[in-house]
Amino acid sequence: MSADTATPTRCISNWPEKLGVQSVLVVGAGFAGAVYARTLAEHGLRVDVIDRRPHIAGNAYDETMPTGVRVHRYGPHLFHTNMKPVVDWVSRFGCFLPYEHRVEALLPDERHAPLPINRTTVNLVFGVSLQTEAEVQAYLARLAIPSAAPRNAAEHLNSRIGTTLTDLFLRPYTKKMWELDLEELDAAVVKRIPLRFDDEDRYFPDDAYQVLPARGYTALFANILDHDNIKVSLDTSFNHSLIQGYRHCFNSMAIDEYFGGIFGPLPYRSIRFQHRDEPVTYGRGTTSVVNFTDDRPYTRETDWSRLPGHGVGMFAKTITLEQPCDYRDNHLERYYPVKTSDGRNDTVYRKYLERAAAERSMTFIGRCGTYQYLDMHQVINQSLTGAQAWLKEAV
Ligand SMILES: Cc1cc2nc3c(=O)[nH]c(=O)nc-3n(C[C@H](O)[C@H](O)[C@H](O)COP(=O)(O)OP(=O)(O)OC[C@H]3O[C@@H](n4cnc5c(N)ncnc54)[C@H](O)[C@@H]3O)c2cc1C
């Protein structure tokens, strides 16, 4: 079996002591579920993991295409963090290759500019030749529209970079990504976007660890889940009768789905991925990811062969385009929780959270269980600490 296709095949029905008091159920074989499962298994608990998809690794799943190129099925997953304990933990299950991610924006006039916005970007867009960080800061300060307490993403961005850069880089992009105007989007969503005054063009320059798993995420997950106390069942959806007999359930399914949507749906944005083959000579810009700032329906394009270890043995390139959509238009594939400036979805989420507090044998975990956008390292960190805390209390 190749590393990319390796998946645990043991099945719940072979589990002799399913009803034992020390058995736990984990719903979801993504990072949240896999980290809980491994941590609990190493403490002697027996863990059943189910996932409704036919594969492990959740949204980090990768596979090798007929072109010989490794592709992340749910969009490029770049591992970056400052959390050494997280790095130490994942390093137990595989080797990693260094990779410093860079992104270019394709402007409506077909020029390419570095993203996040830096000195080069400002000089290119405004046709100036600012030399120092201080000059860039002063230039942007003159463009900015001050706002003491920005009420939404537009006010936040305008207060930092002014309207020209906001409207060029983020207005059409936001509309297609979120189906919201910047004025309707929570400022917290764009606060994650860095801004540089120097020539730094790495996407995560402040993170000490920027890596990719050498044999891919799927192989990494196969190792995490490879433990005598863990059994994995794929193509298995959660249903309430499954909880019977388990000491506890750690659940990374969407919390509103679990409660049958009683307080209304928690909306998500989703993405349709379109893969196409190109000759090995194909190249747009100089980076693995190019963002489209104009109003074409796609947000970005990934050239996988530009990620280390992804194009080994390729005879053509696989290129992937991303087209955002509502999750209801993509088989309920929930990717990004929608955070609006009026906080209406978080209000609904809090109702589910209150309701969940009454479920003493159930802990909602991960991105969809907690209705947050979380990077992989954040999910791993939360899951390691969450599992340790539960073990301290319960076992
Ligand atoms: C397009 C995209 C790009 C991203 N890029 C990055 C990046 O570059 N860097 C980064 O750090 N993070 C990135 N992320 C975030 C990363 O994917 C998440 O941090 C991570 O997947 C969260 O893990 P999770 O276990 O919470 O969720 P998931 O990975 O989604 O796993 C949850 C699993 O639960 C299963 N499940 C759900 N409902 C049920 C049910 N009812 N029954 C059984 N199984 C169920 C699902 O099938 C899924 O496999 C990206 C996310 C997306 C969507």
Side-chain angles (χ1 to χ4, degrees), residues 7 12 25-38 48-62 71-83 86-87 90 99 101 103 177 192 203-204 207 209-213 217-218 220-221 224-225 232-240 242-243 249-260 268-273 288-289 299-300 302 307 320-325 327 330-337 362-384 386:
T7 52
I12 283 180
L25 177 66
V26 169
V27 181
F31 266 115
V35 173
Y36 265 94
R38 181 75 193 205
D48 286 339
V49 180
I50 60 166
D51 201 299
R52 66 180 167 199
R53 287 172 170 163
H55 60 73
I56 58 171
N59 284 344
Y61 176 72
D62 53 21
V71 163
H72 307 176
R73 185 181 285 183
Y74 307 99
H77 276 64
L78 300 322
F79 196 94
H80 60 95
T81 185
N82 275 321
M83 295 175 180
V86 167
V87 173
V90 290
Y99 170 66
H101 190 52
V103 176
M177 180 67 216
R192 285 203 304 265
Y203 210 77
F204 309 111
D207 284 332
Y209 306 96
Q210 300 177 51
V211 291
L212 289 170
Y217 287 100
T218 309
L220 183 79
F221 271 78
I224 295 172
L225 293 167
V232 178
S233 294
L234 302 175
D235 290 313
T236 306
S237 286
F238 175 82
N239 72 64
H240 288 262
L242 274 179
I243 310 172
C249 175
F250 295 93
N251 196 335
S252 61
M253 72 189 283
I255 191 167
D256 57 326
E257 187 187 334
Y258 175 85
F259 288 110
Y268 286 82
R269 291 298 277 172
S270 194
I271 294 177
R272 291 197 200 94
F273 298 96
S288 56
V289 172
T299 44
R300 60 180 183 172
T302 301
L307 298 178
T320 301
L321 278 171
E322 297 185 22
Q323 180 172 8
C325 61
Y327 75 112
N330 191 28
H331 313 288
L332 302 183
E333 284 281 356
R334 296 167 163 92
Y335 294 160
Y336 301 104
M362 172 81 54
T363 304
F364 288 94
I365 59 172
R367 217 170 25 91
C368 295
T370 60
Y371 198 58
Q372 304 170 69
Y373 180 81
L374 295 167
D375 274 333
M376 294 180 285
H377 64 280
Q378 295 169 312
V379 171
I380 295 168
N381 184 52
Q382 282 188 1
S383 305
L384 286 172

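Numbers here simply count residues along the sequence, with the first being 1. Whatever order the structure lists ligands and atoms in, that order sets their numbers, starting from 1. What you see below is based on every heavy atom in this structure, not just the backbone, and it leaves out hydrogens, waters and symmetry mates.
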Check your understanding: Identify the closest protein heavy atom to atom 52 (C) of ligand 1: which residue and atom is it, and at what distance?
Key -> Tyr336 OH, 3.8 Å
Exercise for review: Answer yes or no for Arg53 and Tyr74: cation-pi contact, defined as NZ/CZ to six-membered ring centre under 6.0 Å and angle to ring axis within 45°.
Suggested key: yes
Study note, to complete from the structure: Those residues at least two apart in sequence (or on a different chain) that pass ring-ring contact (aromatic ring centres under 6.0 Å, His included) with Tyr268 are Tyr327, Tyr371
Practice item. Starting from atom 34 (O) of ligand 1, find the nearest protein heavy-atom neighbour and note its residue, name and distance. Key: Gly28 CA, 3.2 Å
**Study point:** Option nearest atom 43 (C) of ligand 1 (shortest heavy-atom distance, choices His377, Gln372, Met376, Arg52)
**Key:** Arg52
Exercise for review: Determine whether the side chain, the backbone, both or neither of Ala34 has a heavy atom under 4.0 Å from any heavy atom of ligand 1.
Suggested key: neither
Review point. With sequence neighbours left out, what residues match Phe238 under ring-ring contact (aromatic ring centres under 6.0 Å, His included)?
Key: His240, Tyr258
Review point. Taking distance alone, with no angle check, do Leu78 and ligand 1 share an N/O pair under 3.5 Å?
Key: yes
Practice item. May I ask you to identify, for Glu257, whether its side chain, its backbone, both or neither come under 4.0 Å of ligand 1 on a heavy-atom basis? Key: side chain
Check your understanding: What atoms of ligand 1 come within less than 4.0 Å of a heavy atom belonging to Phe238?
Key -> 40 (C), 41 (N), 42 (N), 43 (C)
Practice item. Check whether any N or O atom of Phe79, backbone or side chain, sits under 3.5 Å from an N or O atom of ligand 1, and answer yes or no. Key: no
**Study point:** Where ligand 1 meets Tyr335 - atom numbers and elements under 4.0 angstrom, heavy-atom basis
**Key:** 53 (C)
Review point. Does a side-chain heavy-atom distance below 4.5 Å link Phe221 with His55?
Key: no
Check your understanding: Atom CG of Leu25 and atom CE of Met362: how far apart are they, to the nearest 0.5 Å?
Key -> 7.5 Å
Review point. Any chance the side chains of Asp207 and Thr81 put a donor and an acceptor closer than 3.5 Å?
Key: no
**Study point:** Which segment of Ile365 sits under 4.0 Å of ligand 1 when only heavy atoms are counted
**Key:** neither
Practice item. Examine the side chains of Tyr99 and Ser288 and answer whether a donor and an acceptor come within less than 3.5 Å of each other. Key: yes
Review point. Nearest to atom 23 (O) of ligand 1, what protein heavy atom do you find, and at what distance?
Key: Phe31 N, 3.8 Å
Practice item. Indicate, as side chain, backbone, both or neither, the part of Val379 found under 4.0 angstrom from ligand 1 when only non-hydrogen atoms are considered. Key: side chain
Check your understanding: Taking atom CG of Leu307 and atom OG1 of Thr302, what is their separation to the nearest 0.5 Å?
Key -> 7.5 Å
